[in-house]
Amino acid sequence: MADISHDSPAAEDARPEPLTLTGRDQFEQPEAGRRVGLLWLSRSRWMHRRVDTFEFVDAEAVRCKIGFHFTIPSDAVVLEGSTGQRQCLVPLMLLDKASLSYRFHMCDSEGHSLPRLRSKECASLEFNFLNAVAESIIGGAIPKTPWLPGLPDGLTSAFRRITTSVIRDGEATYNLMHLTPWGLRSEQRDLLFGNANNPASEFFRISVKVLTECHILCALVPGEPDSECMVKITTDVPQSWSTVSGKPWRELPRLLGWTAWGYKIVPPVSDPRSYHCELWTPPGVEIDPRSPGLTPALPQPHVGFLGRHGFHLAAHDFGSGPEYILLLRLRSELRGWLPATLATCLAVLALLCVGRAESADLVAAKTSGTSSGTPLNLTVLLTTILLAVGAASITILAKSSSKSHALEDEMLAGLRGVSWCIPVVCFSAVLILFCVNSTERMECGFLVLLAVQCVILVLLILPWYIRRITSPGLRVTAPRQEAMESPGLSWDE
């Protein structure tokens, strides 16, 4: 790969001048694609910092704000307009092909929108880059393949197809390419499709896989090479919490609050020299202090600050290596409405115990037809309190969900569903008082409701109990002192 890379000292000394284009149609030049690919490979050389901020819009969408601080490379592709305005083509990140044409906004540090390349232009650049990679590995031109229907130009035709189509499975595309006879000599085929121990063939495999599924997002940044710039991208990313497809019953522990909700991203910690990641949870949602954070922890050290509602990761000078995964476990706080709901649950439990213990007197008061005396007064009092407690539980549940965030509502759906059984039990007890005229049946009815109410109580207490026995005694509630004294992150830096 020495022929197409600037990573060696000799390449640094012989760094080419900027490639100036006079129109967007010239993005199809082979040199333009080769330059963009090389800049993307050497992004740790000119990209100083990247800051990713994640905030939950609702239960199914996360707003991702990505900030880039970089120096425009001296060998960048420069687009010069008819009025003399010069814009540098800067590859920023990989973006799924399905998301390239919509759902994000790109601007500079002052909020001015920046133009970007269209899908067709990105495909042309990536096609020429793959061509340059293949020719560099095999050491010559790519042979023609007139015997392959639809692929007369061999690998060149395949590169054109995968960069312009909406193919999404990169690994399957590479395997099919590996099995196709491209007219290469045996030594060329070994170099291009060799085993994983060959760096050149492994790089080719990764390039094909990535560019089959993604485009390189390129921004047209006003300015000259060697000048510092900042670019900000805002996009809403869909979020799916389901981990088991086709088996909804296996989601019950998570819906009932027994397990946390896992949020996983693959941060590009090795892209810039300094990578920062921030995640903020909405009110009512907290981060489990047992969250793994960035894994693996080795071979590079990193700093992570975990608070109740926020997480900050700082990674500096990460080299290429394993794929890092940031895994945080989110959960509802179980505050406010839960103590009030537990109080109503215990009150109903006590009333049911009274009703079962006094079933004989309650039935006697109903069947005797008397309008005075303690049994009849107890019936009226018990009915009134049950109706009041049922109405109170409905009020608590209604108010708890009226001003909460959609993500908190999603996390509490199971517990709130259980809580809505409390007024049902209350009204069922009232029906028993009015409709049952047998002591045995009344005792049996109250006994069944007691069992149901005990199950409700256990389901409400269990999430809190699980957290108490599994969470550590101390929680990091604020960043360390040195982090609090630091100037922080700002677009004005």
Is the backbone of [Y] close enough, under 3.5 Å, to the side chain of [X] for a donor and an acceptor to pair up by distance?
X: W420; Y: L397; answer: no
X: D108; Y: G111; answer: yes
X: Q453; Y: L349; answer: no
X: S227; Y: G223; answer: no
X: N128; Y: E28; answer: yes
X: S136; Y: V133; answer: no
X: T180; Y: L176; answer: yes
X: R50; Y: H69; answer: no

Open item on the list: Does this structure show an ion pair linking R63 with E55, if we count only N-O contacts that are shorter than 4.0 Å?
Closed with: no
Task: Salt-bridge present (K65, E278; N to O < 4.0 Å) - done: no
Hey, do the aromatic rings of [X] and [Y] have their centres closer than 6.0 Å?
X: Y263; Y: F56; answer: yes
X: H316; Y: H276; answer: yes
X: F193; Y: H178; answer: yes

TODO: Kindly confirm or rule out a cation-pi arrangement of R329 over W261, judged by NZ or CZ under 6.0 Å from the six-membered ring centre and within 45° of its axis?
DONE: no
Open item on the list: Can you see whether F127 has R160 sitting over its ring - NZ or CZ less than 6.0 Å from the centre and within 45° of the normal?
Closed with: yes
For a quick test of reading the model, state the closest non-hydrogen atom pair linking [X] to [Y] and the distance between them.
X: R34; Y: A132; answer: CG-CB, 4.0 Å
X: P463; Y: L415; answer: CG-CD2, 3.9 Å
X: L94; Y: W40; answer: CG-CZ2, 3.6 Å
X: M177; Y: A158; answer: CE-CB, 4.1 Å
X: C277; Y: F54; answer: SG-CE1, 3.6 Å
X: L41; Y: F129; answer: CD1-CZ, 4.0 Å

TODO: Given side chain to side chain contact (heavy atoms under 4.5 Å, CB included), test E126 with I216 step by step and report yes or no.
DONE: CA-CA 8 Å; E126 294 151 7; I216 300 177; 4.0 Å; yes
Distance check, rounded to the nearest 0.5 Å: [X] atom [atom1] versus [Y] atom [atom2]?
X: C218; Y: M93; atom1: SG; atom2: CE; answer: 11.5 Å
X: T281; Y: E408; atom1: OG1; atom2: CD; answer: 10.5 Å
X: N131; Y: T156; atom1: CG; atom2: OG1; answer: 4.0 Å
X: R273; Y: R45; atom1: CZ; atom2: CZ; answer: 9.0 Å
X: W258; Y: L459; atom1: CH2; atom2: CG; answer: 6.0 Å
X: R205; Y: L192; atom1: CZ; atom2: CG; answer: 12.5 Å

TODO: For the pair T71 and H48, evaluate side chain to side chain donor-acceptor pair (under 3.5 Å) and give the outcome as yes or no after the intermediate values.
DONE: CA-CA 7 Å; T71 298; H48 308 308; 2.6 Å; yes
Are [X] and [Y] side-chain neighbours, meaning at least one heavy-atom pair lies under 4.5 Å?
X: Q239; Y: E60; answer: no
X: I456; Y: C345; answer: yes
X: L279; Y: I287; answer: yes
X: V231; Y: L92; answer: yes
X: T212; Y: Y174; answer: no
X: H112; Y: C107; answer: no
X: L130; Y: L155; answer: no
X: M106; Y: T234; answer: no

- [ ] Would you please test R416 and D409 for salt bridge (charged side-chain N to carboxylate O under 4.0 Å, His left out) and show each step?
- [x] CA-CA 9 Å; R416 283 180 175 154; D409 285 340; 2.5 Å; yes
- [ ] Answer with yes or no whether the side chains of H215 and S119 bring together a donor and an acceptor at under 3.5 Å.
- [x]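 No - no donor-acceptor pair under 3.5 Å links their side chains.
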Open item on the list: Quick one about H309 and E333 (side-chain donor to acceptor, distance below 3.5 Å, no hydrogens or angles considered), yes or no?
Closed with: yes
TODO: Any chance you could lay out the side chain to side chain contact (heavy atoms under 4.5 Å, CB included) test for S419 and L460, step after step, and finish with the verdict?
DONE: CA-CA 8 Å; S419 301; L460 291 177; 3.4 Å; yes
TODO: Give the C-alpha distance, both sets of side-chain angles, the deciding distance and a yes or no for side chain to side chain contact (heavy atoms under 4.5 Å, CB included) between L89 and L220.
DONE: CA-CA 5 Å; L89 184 62; L220 289 170; 3.8 Å; yes
TODO: Determine whether more than 12 heavy atoms belonging to other residues, nucleotides or ligands lie under 6.0 Å from atom OH of Y465.
DONE: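 No - once you tally the heavy atoms of other residues, nucleotides and ligands closer than 6.0 Å, there are 12 at most.
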Task: From CA spacing to verdict: side chain to side chain contact (heavy atoms under 4.5 Å, CB included), T259, R331 - done: CA-CA 8 Å; T259 59; R331 64 190 189 186; over 6 Å; no
Task: Contacts of S157 that satisfy side chain to side chain donor-acceptor pair (under 3.5 Å) - sequence neighbours left out - done: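 Once residues adjacent in sequence are excluded, S157 has no partner under the side chain to side chain donor-acceptor pair (under 3.5 Å) criterion.
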